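First the structure, in the form of structure tokens, and then the observations on it.
All heavy atoms count here, side chains included; hydrogens, waters and symmetry mates do not. Residue numbers start at 1 and run along the sequence shown. As the structure is a prediction and not an experimental result, all values here were calculated from the model. As the structure lists them, so they are numbered: ligands from 1, and atoms in each ligand from 1.
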Amino acid sequence: MSLIPFQKSKVVPISINYKIHTTLDVLRLDEIHPVVSGNKWFKLKKYLQDALDKNKKAILTYGGPYSNHIVATAATSHYYNIKSIGIIRGEKPKFLTHTLQHALSYNMELHFIDRRDFKEKCIPKTALDPEDIYFIIEGGYGINGMLGAMEILQQVDRNVYTHILAAVGTGTMLSGLIAAALPGQQVIGIPILKDYSLEQNIKALLPHEKQNFELIYDYHFGGYAKKSPELIQFMNNFYEQTEIPTDFVYTGKLFYAVNDLLTKGFFQKNSKVLVIHSGGLQGNLSLPKGTLIF
Ligand SMILES: *Cc1c(COP(=O)(O)O)cnc(C)c1O
């Protein structure tokens with residue numbers, strides 16, 4: 001499969017009618033590429049460049065069978081013309097998920113390992129010398145991920161915003177947004193899982209003078225990839241109102257949070273809020289047909 005070139009993302013204003021004078025813009029990173037939808041392209045590019053600089057012959061990373069990170073690593077490696085190896089948690093299923101089918105179509109070599117070996121980050125035998133392999137940890141957490149994510153804000157005129165909001169998994173993207181934000185801008189992360197070490201993990205990627213941010217832990221819906229009928233209902237309503245599709249792991253929770261914060265009057269009058277739509281729509285393919293209206 002050839003890679004469709006990455007598109008420049010666009011910013012769309014959305015107006016949800018609230019009494020307060022708040023402007024809400026959405027940076028549609030979900031539109032940069034149909035498969036590598038979203039932030040993963042930004043998070044991965046510096047790793048890929050580093051691997052090529054170091055003359056590595058392959059990229060190796062880890063993930064589950066629905067992982068946005070796996071499919072994005074496959075596609076981005078394909079784009080940079082370097083082999084990719086995906087270590088997948090669990091036994092090889094009879095039918096591969098859409099995610100893994102996409103990864104295969106980008107020539108990723110897949111290895112299935114059981115949960116215990118996965119936890120230990122065991123590496124199965126490959127045809128390559130481990131010296132020639134460039135490792136990216138699960139989720140792409142790290143300095144190179146942060147540096148790549150800084151480029152996200154180059155897509156917008158960032159001067160106009162008072163607040164920047166994004167979903168948080170490992171916190172790598174958020175750390176890039178914090179590093180690239182202007183003084184006085186408030187960067188707010190919505191963790192999609194209950195992991196109270198996130199704050200430390202984010203700070204670890206940032207210089208001391210750039211550590212101004214807030215995490216709001218009220219919207220994880222019970223944990224990673226956990227959902228409720230209320231969340232699904234919200235995602236459908238949000239799509240009806242804005243024509244913006246969201247995913248149930250990350251951006252559904254993010255926009256739910258934005259909506260709730262607006263309703264509660266969290267933002268002061270005349271705030272200008274930029275919400276990062278970080279993509280991840282391919283993950284919705286794991287939901288039963290008909291769950292979502294888009
Ligand atoms: C991976 C991902 C995130 C989280 O990014 P982190 O850098 O791990 O915090 C957010 N949104 C989407 C759609 C993702 O795929």
Please say whether [X] places an N or O atom under 3.5 Å from an N or O atom belonging to ligand 1.
X: K40; value: yes
X: Y250; value: no
X: L174; value: no
X: G139; value: no
X: T172; value: yes
X: V168; value: no

Strictly below 4.0 Å, N to O, side chains only: are K203 and E199 in salt-bridge contact?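 Answer for the salt bridge query: yes.
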
Checking the side chain of Q200 only, and the main-chain atoms of S197 only, is there a donor and an acceptor separated by less than 3.5 Å?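 Looks like no, no N/O pair under 3.5 Å.
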
Looking only at heavy atoms of G171, does any of them come nearer than 4.0 Å to an atom of ligand 1?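 G171 counts as a contact of ligand 1 under the 4.0 Å cut-off.
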
Between Y106 and H33, what is the ring plane arrangement, given parallel below 30°, perpendicular above 60°, and tilted in between?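 Ring orientation of Y106 relative to H33: tilted.
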
Could you walk me through whether K40 and H69 pass the side-chain contact (heavy atoms from CB on, under 4.5 Å) test, one step at a time? CA-CA 6 Å; K40 297 293 186 282; H69 171 69; 4.0 Å; yes

Please write down residue, atom name and distance for the protein heavy atom closest to atom 5 (O) of ligand 1.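 Its nearest protein heavy-atom neighbour is N39 ND2, 3.2 Å.
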
Can you tell me the protein heavy atom closest to atom 11 (N) of ligand 1 and the distance?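 Looking at atom 11 (N) of ligand 1, the protein heavy atom closest to it is S278 OG, 2.7 Å.
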
Considering only heavy atoms from C-beta outward, does the side chain of T99 approach that of P65 to under 4.5 Å?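 Sidechains of P65 and T99: no contact.
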
Show which residues join Y62 in its hydrophobic cluster (side-chain heavy-atom contacts under 4.5 Å, direct or indirect), or state none.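 L60, I85, I87, I113, F118, I123, L128, I133, F135, listed by chain and number.
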
